[in-house]
Amino acid sequence: MLPVIEQFISLDGEGPTAGELAYFVRFQQCNLRCSWCDTIYSWDDSVPVQWKSAQQIYDEIAASGIHNVTLTGGEPLIQEDIIPLLQLLAANDRLTVHIETNGSVNIAAFRQACPAENIIYILDYKLPDSGMEEQMDLQNLQLVQQNDVYKFVIASQADLQRAVELVQQYQLSRRCQVFFSPVRESIDPLSLVDAMKEHRLNNVKLQIQLHKILWPKEMRGV
């Protein structure tokens with residue numbers, strides 16, 4: 001069984017399918033505590049949990065008619081029954097499935113259990129200001145594939161410098177898609193553009209979260 005706190009249809013606010021409709025499944029529980037976390041309700045026990053089987057969640061997704069699926073949290077990859085759900089989703093080639101994972105969980109076993117091309121990993125790398133960088137699994141930087149994504153949430157110039165170092169050190173923009181996402185209350189997004197220009201970061205994209213422009217940032221289910 002899987003602990004679900006939200007399921008809804010909305011625009012995908014970030015990532016490769018930003019601006020398209022997506023079906024979101026948000027799981028409870030996270031193994032990290034990032035300083036700028038915007039989904040504290042996914043782990044602070046303030047929202048009721050619905051326990052659902054992998055088959056039940058899959059059936060609800062399939063019945064929705066929405067082809068983009070985002071599994072988020074919390075942290076999807078710490079859920080005990082996540083692999084059975086991934087296998088059900090992978091078998092439906094009409095679906096594109098994004099797993100939003102925080103970068104602390106090694107993805108190798110999940111990819112081995114479910115190697116389908118429609119399962120895409122969107123990994124965070126938690127930078128210094130998050131307070132969680134020491135929890136990052138560095139092997140993931142070499143396990144990503146072309147359709148996967150590395151997302152850097154950047155809150156300061158120190159974060160920005162570290163993100164540039166990692167992109168260059170691991171040649172990430174050749175391995176996968178790379179997004180720089182500013183914490184807009186903490187850093188001017190234009191400073192990210194300046195760094196991208198200065199370091200000639202080809203194939204790196206600036207990401208402004210659409211859902212926080214369209215709706216109040218505190219609103220859920222959008």
Side-chain angles (χ1 to χ4, degrees), residues 12-18 30-38 70-78 82 86 96-184 186-209:
D12 200 341
E14 54 190 330
T17 55
C30 187
N31 58 325
L32 300 185
R33 295 292 183 267
C34 298
S35 62
W36 37 252
C37 180
D38 59 1
T70 298
L71 305 181
T72 189
E75 173 50 52
L77 296 185
I78 64 172
I82 195 66
L86 295 182
T96 298
V97 182
H98 290 160
I99 305 170
E100 293 189 339
T101 178
N102 63 28
S104 70
V105 181
N106 190 288
I107 65 172
F110 301 94
R111 175 149 277 153
Q112 182 177 5
C114 192
E117 291 184 1
N118 67 335
I119 302 294
I120 296 167
Y121 292 85
I122 300 183
L123 297 106
D124 278 4
Y125 185 95
K126 304 300 186 185
L127 296 163
D129 276 33
S130 73
M132 293 289 120
E133 186 177 13
E134 69 277 5
Q135 302 299 321
M136 293 297 93
D137 189 309
L138 298 181
Q139 287 187 353
N140 284 332
L141 292 159
Q142 298 176 317
L143 291 172
V144 285
Q145 300 177 359
Q146 282 297 126
N147 287 336
D148 296 326
V149 172
Y150 246 106
K151 180 179 71 174
F152 295 87
V153 177
I154 297 170
S156 67
Q157 289 297 320
D159 278 359
L160 180 54
Q161 180 179 347
R162 179 65 173 145
V164 170
E165 290 173 356
L166 288 161
V167 170
Q168 293 176 331
Q169 178 181 351
Y170 289 92
Q171 298 185 316
L172 270 184
S173 58
R174 297 183 183 180
R175 293 178 181 275
C176 65
Q177 303 177 71
V178 178
F179 290 83
F180 281 6
S181 185
V183 179
R184 297 181 69 183
S186 303
I187 192 169
D188 184 351
L190 290 177
S191 65
L192 278 63
V193 178
D194 290 340
M196 291 162 64
K197 290 162 60 177
E198 177 185 352
H199 297 282
R200 299 296 192 264
L201 296 182
N202 292 300
N203 301 319
V204 172
K205 297 180 181 180
L206 177 70
Q207 173 174 270
I208 305 295
Q209 295 173 307

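The first residue of the sequence shown is numbered 1, and numbering continues consecutively from there.
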CA sep, side-chain torsions, deciding dist, call: Leu123, Asp137, side chain to side chain contact (heavy atoms under 4.5 Å, CB included): CA-CA 10 Å; Leu123 297 106; Asp137 189 309; over 6 Å; no
Residues Val164, Glu198; criterion side chain to side chain contact (heavy atoms under 4.5 Å, CB included); working and verdict: CA-CA 10 Å; Val164 170; Glu198 177 185 352; over 6 Å; no
Is there a side-chain contact between [X] and [Y] in this structure, where contact means two heavy atoms from C-beta onward sitting under 4.5 Å apart?
| X | Y | value |
| --- | --- | --- |
| Phe110 | Ile119 | no |
| Gln161 | Leu127 | no |
| Arg111 | Asp148 | yes |
| Asp129 | Val183 | no |
| Pro16 | Ile122 | yes |
| Met196 | Phe180 | yes |
| Asn140 | Tyr125 | no |
| Phe152 | Val178 | yes |

Do you know which two heavy atoms are closest between [X] and [Y], and how far apart they sit?
| X | Y | answer |
| --- | --- | --- |
| Leu141 | Arg175 | O-CD, 3.3 Å |
| Lys151 | Asp124 | CE-OD1, 2.6 Å |
| Glu14 | Gln207 | OE1-NE2, 3.0 Å |
| Ile187 | Pro182 | CG2-CB, 3.9 Å |
| Gly15 | Phe179 | C-CZ, 3.9 Å |
| Gly74 | Cys30 | CA-CB, 3.9 Å |

Working to the nearest 0.5 angstrom, can you tell me the gap between [X] [atom1] and [Y] [atom2]?
| X | Y | atom1 | atom2 | value |
| --- | --- | --- | --- | --- |
| Lys126 | Ser35 | NZ | OG | 9.5 Å |
| Leu192 | Leu201 | CG | CG | 10.0 Å |
| Thr17 | His98 | OG1 | NE2 | 4.5 Å |
| Asn203 | Gln171 | CG | CD | 12.0 Å |
| Gln177 | Leu172 | CD | CG | 12.0 Å |
| Gln145 | Cys176 | CD | SG | 10.5 Å |

Flag yes if more than 12 heavy atoms outside [X] fall under 6.0 Å of its [atom1] atom; otherwise flag no.
| X | atom1 | answer |
| --- | --- | --- |
| Gln169 | CD | yes |
| Arg33 | CZ | yes |
| Glu117 | CD | no |

Distance-only polar pair, side chains of Gln135 and Ser104, donor-acceptor under 3.5 Å: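 Gln135 vs Ser104: no donor-acceptor pair found between side chains.
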Glu75 versus Asn31, side-chain donor and acceptor atoms under 3.5 Å: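 On atom types as modelled, these side chains do not qualify, holding no pair under 3.5 Å.
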Residue pair Ile208, Arg184: steps toward the side chain to side chain contact (heavy atoms under 4.5 Å, CB included) verdict: CA-CA 9 Å; Ile208 305 295; Arg184 297 181 69 183; 3.5 Å; yes
Test item: Asn106 side-chain N/O and Ala108 main-chain N/O as donor-acceptor pair under 3.5 Å: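 At least one qualifying donor-acceptor pair exists.
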Side chain to side chain contact (heavy atoms under 4.5 Å, CB included) assessment of Leu86 paired with Ile99: CA-CA 9 Å; Leu86 295 182; Ile99 305 170; 3.6 Å; yes
